[in-house]
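As structure tokens, the structure follows; a few thoughts come after it.
In each ligand, atom 1 is the first atom listed, and ligand 1 is the first ligand listed. Model, not experiment: these values are computed from the prediction.
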Amino acid sequence: MFIGHYAPAFVAATSRRAPRLGALFVAAQLVDIAFFSFLILGVEHLRVVPLATAMNGMDLYDMPWTHSLVGAIGWGVLFAIAIKLLRGSWAAAAIGGVVVVSHWVIDLIVHRPDLTLAGSAPKLGLGLWNHPWIEVPLELAFAYGGLAFFVSRTRAAGTAGKWSPLVLAIGMGALQAVNWATPQPEAVGGAPPAAGWLGLFAYAVLTALAWWVARTRTVR
Ligand SMILES: [Zn+2]
């Protein structure tokens, strides 16, 4: 999943006690932000394998620090501490931490068995990436259902607030389309050098849009 990960962020952001939507967009993808950073640094690894799954050619064989359940909880705790320091609220910290861990749970639905509990076997994953006719509508329902819920429980604080969710919706759709349209690799190989940076760039764009949406709308 890519934009489907934002569903918990949208739902959480309708609580007055939660961090703002921009921070929750970081939370929803913090596990992947760490993964792409570790990919660039050579700490974690993927290789490309043609048709590793029907929808993409990623063999995610080494990501113990980010995509283990224990790792995800660790990132959730770090995020919660950061929110507590910045916002002074334990409620906001807890909500942010839960959104971080939701990433691993949603990944569990789509990944082939490459997720772990604590870094080593058993490897877990229900593999919906092999079933595009289920995965694609599910991902769209998560992302846009979440956005619709957020819009229904917030109101525009000015003219920009009427349009900002639509701009975010287009941004999410465009980046997801690029992700889905990326062709399968032609041969087995290492991670493409730009992979980590592209992932971080996509998350940065969507986080900036979410930050703007939160500034232009208020919780009812
Ligand atoms: Zn992930």
Original post:
To the nearest 10°, how many degrees is the angle D107 OD2 to the Zn ion (ligand 1) to H67 NE2?
Top reply: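 It rounds to 90°.
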Original post:
Where the Zn ion (ligand 1) is the centre, what is the OD1-to-NE2 angle for D32 and H103, rounded to 10°?
Top reply: 90°
Subject >> R217 side, atom CZ; T154 side, atom OG1 - distance, nearest 0.5 Å >> reply: 3.5 Å
Subject >> H5 backbone or side-chain N/O/S under 2.8 Å from the Zn ion (ligand 1) >> reply: no
Original post:
Backbone or side chain, does H111 get an N/O/S atom under 2.8 Å to the Zn ion (ligand 1)?
Top reply: no
Original post:
Is the centre of the F149 ring less than 6.0 Å from the centre of the Y144 ring?
Top reply: no
Original post:
Honestly curious: do V98 and L78 fall in one hydrophobic cluster under the side-chain, below-4.5 Å linking rule?
Top reply: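 No: no chain of side-chain contacts under 4.5 Å links V98 to L78.
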Original post:
Picking from F36, F35, W75, what satisfies ring pair (Phe, Tyr, Trp, His ring centres under 6.0 Å) with H67?
Top reply: F35
